[in-house]
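Note sheet for the following structure.
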Amino acid sequence: MIEQTRIWSAVALLTVVTIACQAAPAPSERVDASRETGARAVAELGSATGVLGAAASAESHATLEAMRVLEEGGSAVDAAITLGFALAVTYPNAGNLGGGGFFLYRSPEGESWYLDFREVAPLAATLEMYLDEEGDPDRKASTRGWKAAGVPGSVFGMWEAHQRWGSLPWARLIQPAIELAEYGFEISFAEAAALNRLKSAFSEDAYAASVFVRSDGRPWIQRDVLRQPALASTLSAIATEGESALREGSIVRAIVAASQEGGGVLAMEDFAEYEPIIRPVHTIAWHDMEVLTITPPSSGSLFLGQTLPVLEEFPLAQWGWRDPRTVQLIGEAEAAAFRDRNRWLGDPASMEFSWIDLLDPSYLGQRALALDPELYTSPDEDLPMPPFESTETTHYSVLDAQGGAVAVTTTLNSSYGAKVMAPGGFLMNNEMDDFAALPGHANQYGLVQSEANAVIAGRRPLSSMSPVIVVKNGKVDSVIGSPGGPTILTTVLQVLLNRYTFEMAPEDAVAAPRFHRQDRPPTLRYEAGRLGRPTLQALQALGQPLAEIRSLGDVNAIFRDGSEWVAVADSRRGGLGQVAVIGSDG
Ligand code: GLY
């Protein structure tokens with residue numbers, strides 16, 4: 001059922017039209033709702049008619065600000081920049097200035113670009129910095145506090161995207177974020193619950209406590225207004241000075257001082273020398289389409305470049321998406337791809353192995369021959385289950401009237417990152433935990449990785465973030481991505497399979513139950529109560545270890561569906577997902 005609500009935010013004076021997808025609607029219901037929402041968005045935002053675009057993100061204020069930019073004639077890149085800065089205010093668990101991410105762009109002319117603005121290990125980082133006195137990984141050091149923070153790349157990445165492809169003025173694109181921070185916005189039920197849950201963690205950091213812990217002592221409730229004046233001031237400096245506000249000067253000096261005081265190793269040179277990098281896009285030929293994926297330090301190209309062609313060798317559509325053979329085979333293909341990922345990948349500047357060889361058709365052909373949908377293959381070595389993954393990372397998708405498309409996945413790593421706030425009013429990442437603190441040992445996600453991902457100064461840690469754009473007949477057909485640590489990879493894979501192999505409607509492709517396997521642990525985790533008892537019993541009979549998980553991923557995607565664009569926000573994370581669609585390409 002689609003539920004539409006209109007919320008007048010008394011403080012921010014924003015009119016918000018939201019769609020909270022409780023469950024996949026019937027196609028006819030959905031098309032009507034999209035049209036109606038489009039019309040309302042146009043009316044609310046004072047737009048002209050026509051095909052203006054679509055946006056999907058995890059937070060409604062941010063999505064609607066992106067739509068305003070599109071309505072003003074901004075491009076998908078412009079709208080994505082606005083969306084990214086707005087999320088840094090309205091979605092502080094993962095939207096960020098203090099983190100990093102990946103920006104995948106396909107221009108209206110059909111060129112594709114991948115901009116890497118991932119965090120970098122500080123120049124003072126060392127191989128041993130996350131080992132305790134016994135030489136064992138010190139999980140707390142790599143996940144909590146200033147020592148866990150890599151050099152943030154988000155502001156530099158957005159600046160680079162704007163310099164290369166932006167059209168509206170930089171300051172205009174940041175203005176909504178400044179206002180949201182300055183005047184505040186009404187928080188959601190989920191945001192209130194998260195802030196209450198983390199009260200004691202935020203209380204350990206004076207800056208974080210001043211923003212995220214209420215001074216009157218009562219818990220946060222839905223529709224409380226969250227104001228962030230220090231963040232507004234930092235955003236104003238970024239709007240006026242551009243990226244140099246975070247290269248040098250008073251904000252950076254204060255961050256470096258706080259880091260040193262808090263046991264971190266960030267230095268002025270780290271900010272001065274950080275560079276966003278344009279890297280190759282890897283195109284996977286799949287079905288009759290091109291899937292644009294991103295290369296290391298993301299593992300998206302390797303993972304999807306292995307699993308999509310291998311799975312194409314089997315009659316999945318004929319078996320059906322919930323058939324035990326389908327589930328087991330996808331799980332086995334996922335595990336095999338994770339094995340190569342963890343063994344070989346890292347920062348491309350320090351990888352000695354040509355990862356592209358792992359996509360060689362003869363290598364993948366052998367893998368397809370070895371896969372058996374009725375066989376469970378265990379890894380060489382077993383490890384305990386990793387802890388439940390929290391709501392880290394976020395993805396947003398934007399599409400403009402000219403056919404330009406942007407897919408951005410961005411992160412602080414854990415939810416609210418390292419739980420320390422920079423003096424400039426933004427949370428710092430704990431991305432250093434994405435390195436292998438001690439190669440051969442598990443990180444917080446249970447991933448066991450190699451020397452290729454060891455902690456080295458100036459390196460970027462290996463990532464699972466995997467934004468994709470699908471192109472069909474020369475035109476964008478979908479823009480997809482998700483948060484979820486390693487489950488990002490399996491989530492994106494399964495949405496692609498759902499949409500294009502099982503030919504599900506867009507909402508169903510996102511809503512369908514997900515499951516996840518990686519190399520270690522070999523457990524197939526599946527969304528609680530959603531895979532069906534017969535399927536689970538059949539998997540159990542194969543010896544496949546199973547475990548329930550509350551939910552996997554949080555997809556924000558845009559799909560072409562006949563003559564319509566359908567923007568779909570996942571309902572998995574407490575109804576936070578928001579979408580906006582204006583017009584159709586009728
Ligand atoms: N920090 C999550 C990822 O990059 O995979």
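Excluded from the calculations below are hydrogen atoms, water molecules and symmetry mates; all remaining heavy atoms, backbone and side chain alike, are included. In listed order, ligands and their atoms are each counted from 1. Along the sequence shown, the residues carry numbers beginning at 1.
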Self-check item: Under 3.5 Å side-chain donor-acceptor pair for E59 and T90
Solution: yes

Quiz prompt | Element-labelled atoms of ligand 1 that are located less than 4.0 Å from some non-hydrogen atom of S463 | solution = 3 (C), 4 (O), 5 (O)

Quiz item: Which atoms of ligand 1 are found less than 4.0 Å from any heavy atom of M465?
Solution: 3 (C), 4 (O), 5 (O)

Quiz item: Which atoms of ligand 1 sit under 4.0 Å from any heavy atom of D434?
Solution: 1 (N), 2 (C), 3 (C), 4 (O), 5 (O)

Self-check item: With sequence neighbours excluded, residues passing ring pair (Phe, Tyr, Trp, His ring centres under 6.0 Å) with F212
Solution: F202

Self-check item: Distance-only N or O hit between ligand 1 and T393, under 3.5 Å
Solution: no

Quiz prompt | Residue pair D433 / T143, side-chain donor-acceptor N/O under 3.5 Å | solution = no

Self-check item: R118 neighbourhood, listing ligand 1 atoms whose heavy-atom distance to it stays under 4.0 Å
Solution: 4 (O)

Quiz item: Residues in salt bridge (Lys or Arg N to Asp or Glu O under 4.0 Å) with R459, at least two apart?
Solution: none

Exercise. Give a yes-or-no answer on whether the side chains of N96 and T410 include a donor-acceptor pair shorter than 3.5 Å.
Key: yes

